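In what follows, a structure is listed as structure tokens, so that the remarks can point back to it.
Remember, predicted model here, so these are calculated numbers, not experimental data. As the structure lists them, so they are numbered: ligands from 1, and atoms in each ligand from 1.
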Amino acid sequence: MSVDRIADRIRGGERIEAAEALELYRRAPTPLLGRLADEVRARKHPDGIVTYIIDRNVNYTNVCVAKCNFCAFYRPVGSPEGYVLGFDELFRKIDETIAVGGVQLLLQGGHNPDLPLTWYEDLFRAVKERYPEFKLHALSPPEVIHLSRLSQLPVPRVLERLIAAGLDSVPGGGAEILVDRVRRLLHCYGKASADEWIDVMRHAHRAGLRTTATMMYGTVETDEERLEHLLRLRALQDETGGFTAFITWSYQPDHTELAGSEATGIDYLRTLAIARLVLDNFDNLQASWVTQGGKVGQLSLAYGANDMGSVMIEENVVRAAGASYCMDEAEIVRNIEDAGFRAKRRNMHYEILGDPIFRERDVPRMLELATARADGDTSIPAELRLYPARSRAEKQRRD
Ligand code: SF4
């Protein structure tokens, strides 16, 4: 089918299938792809509002046994650079987040064999006890699988226990590309196969949690595999309706074992636009300014995105791979309004919380993203000694 005919089908509100998506992705001129994605975005969001959330992207540990070859963030068990954040450190981060109007933690970390399920339960309970209204958007599917293996409990039971302790929603990390050929090449098949990732999300949705979905592209996958990834997400969304949003970003190669080069801005905008066209059952697409920078992030609003993601007071993973963009609330709002939209704060459920908070009260400007810990801080949180370590290195450290 010709590009024009497929474009007509999209304009008529019809769903496109794999071959049509591939034809568009490969052959449609970039301005046309952007226009189509923008039309679909405007149909779903006719109010001219672009949203964002104030939250904090905290990585509770960088110790990980998964060893994905695209990851510059993790440290192996026993590494002197490995860390686990203490409960008090996390409380301090929550206090700082609340001070600038933040409403949740996006809490993810490495697959640390020395943190049992009870550590997560105790942490979540402690957070909810101190901050009953504060939300925990935590633990991507591979982390849930890791906890299932570690505790020898099935995934639905792990989710049930985490929800009872205070888990509010699940971030869509660790999806990379949901095709097992790619996952094997990226050394991330072991942490979760494509089916396993989808299955955790299915269980989370059935348990009443809303989740996001992501795609990291630009490593070893083909165009067909990027589209297969999108189609798998669309199929699960048809089944459960549990995804609130989709976020895509390009692989960041610095300091990784895989190395290579980063996808271009046009590749990003085309990928975002095709995602808007394929994911016809997703309401929200985020702009990934953290990896693409503010300028491409702003352009994303003309290529299908209706959300600027997070003000993100802290970031560790993307920074480890060489990208270090920072925008505080004032800067995000400036980019939204300059693109012709109205800026509104939201929560994880995309409910509007209000106008920019810096217009309501004094909020300190944030010109640099915080890190998990200060450089050289190798302290071991006191409460860790209450939990049994599995690795020999950690047993010795905790003694
Ligand atoms: S991407 Fe996540 S699971 Fe993979 S090595 Fe990095 S921290 Fe571990």
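In summary, the side chains of Asp180 and Ser193 do not present any donor paired with an acceptor at a separation below 3.5 Å, with no hydrogens or angles considered. Side-chain polar atoms of Tyr387 and Asp114 form no donor-acceptor pair below 3.5 angstrom. A donor-acceptor pair shorter than 3.5 Å cannot be found between the side chains of Gln237 and Asn281.
Separation of the His229 and Tyr217 ring centroids does not fall under the 6.0 Å cut-off. Here the two rings, on Trp289 and Tyr52, have centers that are 6.0 Å apart or farther.
Residue-ligand proximity, Lys67 to ligand 1, at heavy-atom distances under 4.0 Å covers atoms 5 (S). Taking a cut-off of under 4.0 Å to the non-hydrogen atoms of Tyr74, the atoms of ligand 1 that pass are 5 (S).
Counting heavy atoms closer than 4.0 Å to ligand 1, residue Cys68 contributes atoms from both its backbone and its side chain. Using a 4.0 Å cut-off between heavy atoms, Lys191 contacts ligand 1 through its side chain alone, with no backbone atom that close.
Scanning all protein heavy atoms for the shortest distance to atom 6 (Fe) of ligand 1 gives Cys71 SG, 2.4 Å. In this structure, atom 8 (Fe) of ligand 1 lies nearest to the protein heavy atom Cys64 SG, 2.3 Å.
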